[in-house]
Amino acid sequence: MMRALYSSVAGLKTHQTKMDVIGNNISNVNTVGFKSSRVTFSTMMYQTMSNPSGANAELGTGGVNAKQIGLGTNFASTAVSIETGGAAESTGNAFDLKISDTNSTSFYIVNNGSENVFTRAGAFYVDGAGNLCMESTGYTVMGWQVDANGNIQKDTVSPLKIMTAENQTSDPEWTTEAVCKGILDDNNANVNSDTGYKMNLKIFDNLGYPYTGRFAVQKGDGEGYYTINLTDILDQNGDSIFADETRDLALGSFFGSTGDPQGSQVDITDNFTMASGKAGALRRLAVGGNNFILGDPTTYPSANADGEEATSFTLTFDAEDVNEYFGAELPEGAIVELVYGGAEGDAETPTLRIRSRADVDLKEGYDAAVENLDWYNEGENGNTISSSRTLAKVLEELGVGRGDVLTNSQINRINEELHLNDPAGEEGEETVALERNRSYTVWTGDDGQLVLYDGVVPEDSEDPAAGPEGEQLELPEYPLNLTDMDFLRKAYVKLNGSQLNEEGIFTNKMPIDVELRYQLSGSGSYTIVTPRTDGFTMKFSTTDGSLEYIGQEGSTEQILQLGEYDNTGNKFTNINIDFSTLKNLANGKSCTAALANGDLGAEGTGKKVGAMTGLTVDQSGKIYGTYDNGNRALIGQIAVARFANASGLESIGNNCFKTTLNSGDFDGIGVEIDADGSKISTGELEMSNVDLATEFTQMITTQRGYQANSRVISTSDSILEELVNLKR
């Protein structure tokens with residue numbers, strides 16, 4: 001009887017233990033990453049009443065089994081369902097991470113300050129020090145770091161500090177590629193204007209500073225021909241980067257060829273704004289100091305500053321420019337004035353005045369030939385005033401010589417200088433312009449002057465001295481009579497960017513090689529044009545409007561050579577501009593052509609310094625920073641641990657486990673989550689794997705077992721009570 005009592009007591013205890021485990025499971029039904037446990041029982045020891053005996057053939061008796069009475073049940077083990085995953089709970093939080101196992105059970109590695117422990121609870125956050133940590137405990141999440149080249153170093157795991165000062169920003173990149181695409185329409189008003197059709201290109205230097213490259217496209221001579229010019233590159237303050245006089249920064253050196261100019265003079269007046277109160281300074285600069293007056297009978301109305309017909313004009317030179325024409329050297333700061341017309345001199349015999357800046361007359365004592373100074377005024381230092389413009393003078397200014405074949409830009413220059421584009425010359429004679437894309441050869445005439453032939457020197461000519469093929473062209477001279485006051489109202493002053501920048505006439509600095517043309521008489525209007533030495537010719541197919549070439553046949557790309565900007569510490573690099581997708585089509589007189597940084601695959605765009613805008617974790621546990629300049633940088637990678645016997649891990653609370661002798665050791669390095677096809681999902685958490693239906697069923701059977709054992713005790717008690725009552 002006593003055995004029944006004690007067996008039932010043992011049964012009560014074991015069922016009580018099982019109920020404790022069930023209660024723990026149910027209490028953690030909503031605990032992130034919780035793994036349920038189950039209890040197993042085993043029989044307690046048995047009391048043997050008699051041993052078993054075997055069969056005895058001699059006696060004719062059979063074998064007898066042992067007589068054993070069990071002494072109850074015993075608590076055998078708790079088994080954790082650690083390999084059974086929980087359902088996914090969607091949270092939308094980027095650092096809520098769920099492990100989805102494929103072939104093995106993985107654990108996040110976290111550090112409690114003294115040792116590495118392991119968890120399935122992926123509710124993480126970034127703490128104030130920038131570390132990735134467990135929300136519940138603050139334990140730091142362990143993983144692999146990134147080396148200087150942006151590659152993951154899979155060595156000993158260390159805390160993932162994902163918000164460091166270094167990764168708060170992304171390095172800038174300079175622009176290396178650009179593309180020009182869209183449509184150019186022959187009938188568009190802008191491409192047929194002096195200013196051209198404007199396009200801007202965004203450029204980044206090596207430090208991430210933005211610049212704006214300005215280009216202009218104009219319709220060329222002939223069907224399908226255009227020219228594209230670089231008119232300026234402006235910094236963030238609107239100043240030209242070509243305004244630096246310490247460098248030889250001609251626009252044509254960066255986008256074009258100074259040796260074989262192709263571009264046209266593009267009016268870029270609207271790129272610059274005159275500073276307040278500087279209109280008078282511009283006029284003073286034009287009429288005093290080094291100014292070069294050009295004859296251009298096709299430009300400007302006949303009126304002086306007061307709106308009246310001009311009667312005289314004065315050409316002004318600094319002494320240092322004309323000392324070689326005087327018998328004695330003029331003092332520094334002296335001014336030489338050659339006065340035509342008016343009360344002080346007439347057009348045929350101009351008056352010479354030599355004075356200081358303080359208007360002191362210094363003429364006496366100096367022997368100067370007016371004719372020599374007049375000649376100097378004709379052709380020196382860029383002046384083009386002359387009594388007539390001849391082909392020989394123009395060819396000499398263009399730097400061409402015997403045997404050279406004219407380029408299109410040189411053809412344009414001759415047409416303009418000799419006014420061959422005019423319907424009639426000075427004497428009313430009809431003139432015929434030279435044609436673009438036609439071969440004209442420079443040769444020497446009988447009088448030793450340069451002439452033009454409509455043809456080229458035959459390569460197989462036995463006597464090239466006989467001259468080129470074709471006929472010699474008789475081009476008219478265009479007279480500019482200095483006795484004619486007509487000249488003044490058709491003249492303008494040429495000033496370069498360095499003069500204007502020094503005076504601060506414009507609010508932003510212009511390229512030093514840009515040319516300002518200021519009307520000496522009349523209202524004082526001005527235009528600003530690019531030099532002739534920039535730009536490229538573009539030729540489009542007349543069949544389908546596609547680009548045939550830019551610059552030279554076979555090329556659909558050109559380089560903006562900013563790599564030549566500075567020989568030491570250049571902040572720019574060359575930018576390759578792809579024009580292959582640009583088309584010449586009828587588009588309702590509308591142009592859609594545009595420049596964009598980056599090639600057709602959006603590579604080489606250049607970028608500013610990027611500020612971090614977010615962090616993301618991919619399925620392999622790699623952590624990336626995203627930046628407002630479009631960059632995406634690898635910051636680190638979450639490592640996981642796997643064990644030979646995951647069920648052998650010891651639970652230490654706070655959803656964490658530690659290794660035991662029966663789980664297998666952690667090697668300190670870890671593995672990639674996707675090494676066996678597993679993955680990490682973001683914005684999700686692994687819920688508890690507790691199955692309430694199973695737990696409630698187990699609770700019912702446990703209750704019945706406990707109740708039955710208690711009945712055994714009460715029944716045994718009644719039997720004992722009856723035994724005691726036998727004595728009464």
Side-chain angles (χ1 to χ4, degrees), residues 175-203 212-233 251-252 254-257 260-268 270-271 407-409 411-412 435-438 530 534-562 574-606:
T175 301
T176 59
E177 299 287 340
V179 63
C180 182
K181 52 187 176 181
I183 295 174
L184 292 172
D185 189 328
D186 283 354
N187 297 315
N188 179 262
N190 290 325
V191 298
N192 287 284
S193 68
D194 291 337
T195 58
Y197 173 76
K198 304 294 183 62
M199 297 188 298
N200 288 345
L201 173 62
K202 192 171 185 179
I203 299 170
T212 301
R214 292 190 168 182
F215 295 77
V217 179
Q218 287 179 304
K219 183 71 179 72
D221 295 335
E223 190 174 0
Y225 283 95
Y226 284 82
T227 58
I228 180 169
N229 289 51
L230 171 68
T231 62
D232 206 352
I233 297 180
L251 290 171
F254 296 89
F255 194 71
S257 171
D260 183 16
Q262 301 184 75
S264 57
Q265 289 178 313
V266 180
D267 185 344
I268 57 171
D270 60 344
N271 285 3
T407 65
N408 281 336
S409 60
I411 290 173
N412 290 343
E435 298 178 13
R436 287 171 57 91
N437 303 313
R438 187 162 180 168
T530 61
D534 61 345
F536 289 101
T537 296
M538 296 188 293
K539 174 65 171 67
F540 292 89
S541 168
T542 57
T543 302
D544 60 8
S546 62
L547 181 71
E548 290 185 354
Y549 67 83
I550 177 171
Q552 60 275 340
E553 290 189 13
S555 173
T556 58
E557 300 178 346
Q558 285 298 338
I559 295 177
L560 180 57
Q561 299 187 33
L562 291 179
N574 288 347
I575 300 174
N576 184 66
I577 307 178
D578 180 3
F579 292 86
S580 61
T581 56
L582 189 63
K583 291 184 177 293
N584 177 210
L585 301 170
N587 193 41
K589 299 183 180 180
S590 174
C591 288
T592 62
L595 284 162
N597 51 325
D599 60 18
L600 292 171
E603 297 293 331
T605 59

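A quick note: this is a predicted structure, and the numbers were derived from the prediction, not measured. FYI, side chains are in, hydrogens and waters are out, and symmetry mates aren't considered; it's all heavy atoms of this structure.
For K202, the NZ atom sits in a loose shell: 12 or fewer heavy atoms of surrounding residues, nucleotides or ligands are nearer than 6.0 Å.
I411 has its side chain out of reach of D221: every pair of non-hydrogen atoms, C-beta onward, lies at least 4.5 Å apart. Side-chain contact between S264 and N412 is absent, with no heavy atoms from C-beta onward closer than 4.5 Å. Counting heavy atoms from C-beta on, the side chains of D267 and T195 come closer than 4.5 Å.
Contacts classified as side-chain hydrogen bond (donor to acceptor under 3.5 Å, both in side chains) and involving residues 580-592 (residues at least two apart or in different chains) are given here: D186-N584, Y226-N584, D578-S580. Annotation: salt bridge (charged side-chain N to carboxylate O under 4.0 Å, His left out) contacts involving residues 540-556, sequence neighbours excluded, comprise K539-E548.
We find the CG-OG1 distance between N271 and T231 to be 5.0 Å, quoted to the nearest 0.5 Å. Residue I233 holds its CD1 atom at 7.0 Å from CD1 of I575, rounded to the nearest 0.5 Å. Between R214 atom CZ and T530 atom OG1 the span is 14.0 Å, to the nearest 0.5 Å. Atom CD1 of I268 and atom CG of N229 lie 9.5 Å apart (nearest 0.5 Å). The line from CD1 of I228 to CG of L595 is 6.0 Å long, rounded to the nearest 0.5 Å. For the atom pair CZ (F254) and CG (N574), the distance works out to 10.0 Å, reported to the nearest 0.5 Å.
Shown here for F540 and G545, the closest heavy-atom pair between the two residues is CD2-O, 3.5 Å. Taking both residues in full, the closest heavy atoms of G224 and K219 are given as N-NZ, 4.0 Å, listed atom of the first, atom of the second, then distance. When every heavy atom of S193 is checked against every heavy atom of G196, the shortest pair comes out as OG-N, 3.1 Å. Residue A596 comes nearest to L201 through the heavy atom pair C-CD1, 3.7 Å, listed as atom of the first residue, atom of the second, then distance. Scanning all heavy atoms of the two residues, the minimum distance from M538 to V217 falls at CE-CG1, 4.0 Å.
Checking side-chain atoms of Q558 against main-chain N and O of I550 turns up a donor-acceptor pair under 3.5 Å. Remark: side-chain polar atoms of T175 are paired, donor with acceptor, to backbone N or O of T605 under 3.5 angstrom. When atom types are taken as modelled, the side chain of N408 and the backbone of N437 share a donor-acceptor pair closer than 3.5 angstrom. Checked by atom type and distance alone, the side chain of S541 never pairs as donor or acceptor with a backbone atom of S546 at under 3.5 Å.
Using cut-offs of 30° and 60° for the angle between ring planes, the F255 and F536 rings count as perpendicular.
The side-chain contact (heavy atoms from CB on, under 4.5 Å) search around A593 returns L184, Y197, M199, L582, not counting sequence neighbours.
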ask   = Would C591 and V191 count as a side-chain contact (heavy atoms from CB on, under 4.5 Å) if you check the C-alpha gap in whole Å, the side-chain angles of each, and the deciding distance to 0.1 Å?
value = CA-CA 9 Å; C591 288; V191 298; 3.9 Å; yes

